[in-house]
Novice: 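Here's a structure for you.
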There are 2 protein chains.
Amino acid sequence: MKIYLIEDDLEMQELLTDYLQNHDYTVFAFDDPVIALEALSSRNDYDLVILDLMLPKLDGFDVCKKIRLISNVPIIISSARGNLGDKVAAFEYGADDYLAKPYEPKELLIRMDAIFRRIKGLVGVQQIGEFQIDERKMEILQDGYPLELTRIEYEIFILLLHHPNQVLSREYISGHLKGENYNLKDRAIDMHISNLRSKLFDDFKSPKYIKSIWGVGYKFIG
Amino acid sequence: MKIYLIEDDLEMQELLTDYLQNHDYTVFAFDDPVIALEALSSRNDYDLVILDLMLPKLDGFDVCKKIRLISNVPIIISSARGNLGDKVAAFEYGADDYLAKPYEPKELLIRMDAIFRRIKGLVGVQQIGEFQIDERKMEILQDGYPLELTRIEYEIFILLLHHPNQVLSREYISGHLKGENYNLKDRAIDMHISNLRSKLFDDFKSPKYIKSIWGVGYKFIG
DNA sequence: TTAAATGTAAATTTTTTGTAAAAAAGTATA
DNA sequence: TATACTTTTTTACAAAAAATTTACATTTAA
């Protein structure tokens, strides 16, 4: 991941550069905002900009504005000015976060991660064994390949995945599906499980994923 | 936009509720995290959670974790504890931002906006696949050529474009159009989607752009 | 061995969706 | 204001998809 750091306090610049490099980021540091803007507009290989507000030649807000004209790269403001007015202006001009100096480099790092996670849509994606649940997409991937599930199949499978190795009774399943008030009869559930198994290429006699618990219900083997 | 506020300090709760309501947000306030979690898991109509860390019964971090199991809703931590360790933990558990009390409500507001903007892809240039949104002209260009959309078609399509690959329920669509005061019935939405598809030369049986998610809603394929 | 429970193919029912066409609501124009 | 035009919503019905039930074979525990 490539970070553009625009910071004219060379001591701070070096500190942040070292810290980020130690955390596997590639850092391009600039003390001149004009040169930084030139670099940004000629290249397109940056993943995040860390921007100081007090800069020579050009005001940090202007830099922010100018970046937004050419790119939607995440921008974190790193500034000694921490009053509300500056924050309002920064967010107004399109910044994603604002850190008031002095701050722990670690905090910069976790805020960067939060932004990346949000941008990449990684929030809410859960990995359970070889299955990946993306609730926003309403999709479950098995080893990266999407399963073609109907709505109830999807919801039953999510319920199972969320309770690995626990026996879920048919009653529990029927009562805990997300969304409307389903009222699934036992045999309907059996049918859905059967269809789920076939889509997972699972075999009820020696199940890899969904085990029948005789007299009770089903269990996901996690 | 619907905000879930989980805060047991009733004074703070009222202050934030009033402030946010004055800024056109619908606020559901909870002082009991268990009840809040129940509400979150049974409904799916929230756009953001503001979460205090010090709560009765359940630790705020646990609440955060539990929310992440069922939703990718943006979470902003609002806590009296402001040390680095708490921040690290909060972001670790999937929070999007962290405000240490006391803070100006205005700062909460601008940080919320920054998150929404980022989620909706409203930052900077709006090019989504072969579509380019020109909000000033109220136009959507496909490969440079403007689509002839009516107002509601335009707004529905923007909503879809801003959530690529995500399943949007009819309820969500109806509740999140720009004008905000629409109250589209399900079949009206279907009709608009049908008209949109025909203008995009899309085919519902093997859609290139708008896929129907049976029993739920629609999804833009991005 | 037997009665209860489960698996599942096939049939059936229910729900949801697509869309044409009509009706209603909203805008613009003369 | 009256009129034509546009947009939006509703209605209605066919088609599609999903969910459920049925029926019978199979499996299981006692």
Side-chain angles (χ1 to χ4, degrees), chain A residues 138 140 147-160 167-175 177-221, chain B residues 138-140 147-160 167-175 177-220:
Chain A
M138 245 189 86
I140 300 178
L147 296 168
E148 302 272 340
L149 306 179
T150 70
R151 179 148 77 130
I152 296 190
E153 284 163 15
Y154 169 81
E155 297 196 352
I156 291 180
F157 196 34
I158 289 221
L159 202 61
L160 288 168
V167 184
L168 303 189
S169 70
R170 293 179 178 74
E171 194 191 350
Y172 182 89
I173 291 171
S174 171
L177 296 182
K178 211 173 161 187
E180 347 269 290
N181 271 1
Y182 298 99
N183 204 334
L184 300 197
K185 298 277 174 302
D186 289 357
R187 302 322 314 283
I189 293 176
D190 293 346
M191 207 54 240
H192 289 304
I193 293 284
S194 168
N195 291 329
L196 256 174
R197 278 182 173 142
S198 97
K199 289 179 183 181
L200 296 167
F201 300 102
D202 205 12
D203 171 21
F204 76 94
K205 284 177 191 165
S206 53
K208 199 174 160 204
Y209 305 115
I210 302 175
K211 188 168 170 13
S212 305
I213 308 301
W214 206 89
V216 191
Y218 298 96
K219 169 206 273 199
F220 172 72
I221 306 166
Chain B
M138 250 191 75
E139 246 181 15
I140 300 177
L147 295 167
E148 301 273 338
L149 306 180
T150 70
R151 185 139 88 103
I152 295 190
E153 284 162 14
Y154 168 80
E155 298 197 351
I156 291 180
F157 196 34
I158 288 225
L159 202 60
L160 288 168
V167 182
L168 303 190
S169 70
R170 293 180 178 73
E171 194 190 3
Y172 183 90
I173 291 172
S174 170
L177 297 181
K178 271 282 177 48
E180 197 78 35
N181 267 358
Y182 299 98
N183 204 334
L184 298 197
K185 297 277 174 303
D186 289 356
R187 301 323 313 280
I189 293 176
D190 292 346
M191 209 52 241
H192 290 304
I193 294 283
S194 171
N195 293 328
L196 257 173
R197 277 182 174 144
S198 94
K199 289 180 182 180
L200 295 167
F201 300 102
D202 205 10
D203 171 21
F204 77 94
K205 284 179 190 163
S206 52
K208 199 175 161 205
Y209 304 115
I210 303 175
K211 187 169 169 14
S212 304
I213 307 301
W214 205 92
V216 189
Y218 298 96
K219 172 200 271 202
F220 172 73

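Chain identifiers are assigned alphabetically (A, B, ...) following the order of the sequence lines, protein sequences preceding nucleic acid strands; residue numbering begins at 1 within each chain. Computation of the quantities below employed the complete heavy-atom set of this structure, encompassing side-chain atoms and omitting hydrogens, waters and symmetry-equivalent molecules.
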Novice: Closest to the B:K205 side chain: D:dA16, C:dT8, D:dT28?
Specialist: D:dA16

Novice: To the nearest Å, give me how far apart CD1 (B:I193) and P (C:dG18) are.
Specialist: 8 Å

Novice: Taking only the side-chain nitrogens and oxygens of B:T150, find out if one of them lies under 4.0 Å from OP1 or OP2 of D:dT6.
Specialist: no

Novice: With a cut-off of less than 4.0 Å, is there a side-chain N or O of B:S212 near OP1 or OP2 of C:dG18?
Specialist: yes

Novice: Less than 4.0 angstrom between a side-chain N/O of A:Y218 and OP1 or OP2 of C:dG7, yes or no?
Specialist: yes

Novice: Check whether any side-chain nitrogen or oxygen of A:H192 sits under 4.0 Å from OP1 or OP2 of D:dT20, and answer yes or no.
Specialist: yes

Novice: Please determine, for the side chain of B:R170, which listed nucleotide (C:dT17, C:dT6, C:dG7) has the closest atom?
Specialist: C:dT17

Novice: Output the rounded distance in Å from CD (B:E153) to C1' (D:dT6).
Specialist: 11 Å

Novice: To check you understand the geometry: which heavy-atom pair defines the closest contact between A:S212 and A:R197, and what is its length?
Specialist: OG-NH2, 2.7 Å

Novice: If you find the nucleotide of DNA chain D closest to A:R187 and the one closest to A:I152, which residue's nucleotide is nearer the 5' end?
Specialist: A:I152

Novice: What orientation do B:F157 and B:F220 show, parallel under 30°, tilted 30 to 60°, or perpendicular over 60°?
Specialist: perpendicular

Novice: From CZ of A:F204 over to P of D:dT26, roughly how many Å is that when rounded to an integer?
Specialist: 10 Å

Novice: In this structure, how many angstroms lie between the P atom of D:dT8 and the CG atom of B:N183, rounded?
Specialist: 15 Å

Novice: DNA chain D: B:L149 or A:N195, which has the more 5' nearest nucleotide?
Specialist: B:L149

Novice: Measure from the side chain of A:M191, starting at C-beta and using heavy atoms only, and say which of C:dG7, C:dA10, C:dT19 lies closest.
Specialist: C:dA10

Novice: Search all heavy atoms of B:E153 against all heavy atoms of B:K199 and return the closest pair with its distance.
Specialist: OE1-NZ, 2.7 Å

Novice: Taking NZ from B:K199 and C1' from C:dT19, how many angstroms apart are they, rounded to a whole number?
Specialist: 15 Å

Novice: D:dT7 phosphate, OP1 or OP2: any side-chain N/O from B:R151 under 4.0 angstrom?
Specialist: no

Novice: Is any side-chain heavy atom of A:L168 less than 4.5 Å from a side-chain heavy atom of A:Y218?
Specialist: no

Novice: Under 4.0 Å between any heavy atoms, over every strand shown, what does B:L184 touch: base, sugar-phosphate, or nothing? Just pick one.
Specialist: sugar-phosphate

Novice: In whole angstrom, what separates B:R197's CZ from C:dA20's P?
Specialist: 13 Å

Novice: For B:I213 and D:dA16, what is the distance between atoms CD1 and P respectively, to the nearest whole Å?
Specialist: 18 Å

Novice: Return whichever of B:W214 or B:D190 has its heavy-atom-nearest nucleotide of DNA chain C closer to the 5' end.
Specialist: B:W214

Novice: Go through D:dT21, C:dG7, D:dA29 for me and flag the one nearest to the A:A188 side chain.
Specialist: D:dT21

Novice: Round to the nearest Å and state the distance from A:K219 atom NZ to C:dT6 atom P.
Specialist: 15 Å

Novice: Counting only side-chain nitrogens and oxygens, does A:K185 get under 4.0 Å of the OP1 or OP2 atom of D:dT21?
Specialist: no

Novice: Using a 4.0 Å heavy-atom cut-off, does A:Y182 contact any base of the nucleic acid, only the sugar-phosphate backbone, or nothing at all?
Specialist: nothing

Novice: Answer whether the closest heavy-atom distance between the side chains of A:V216 and A:R170 falls below 4.5 Å.
Specialist: no

Novice: Please name all residues satisfying side chain to side chain contact (heavy atoms under 4.5 Å, CB included) with A:K185, sequence neighbours left out, ordered by chain then number.
Specialist: none

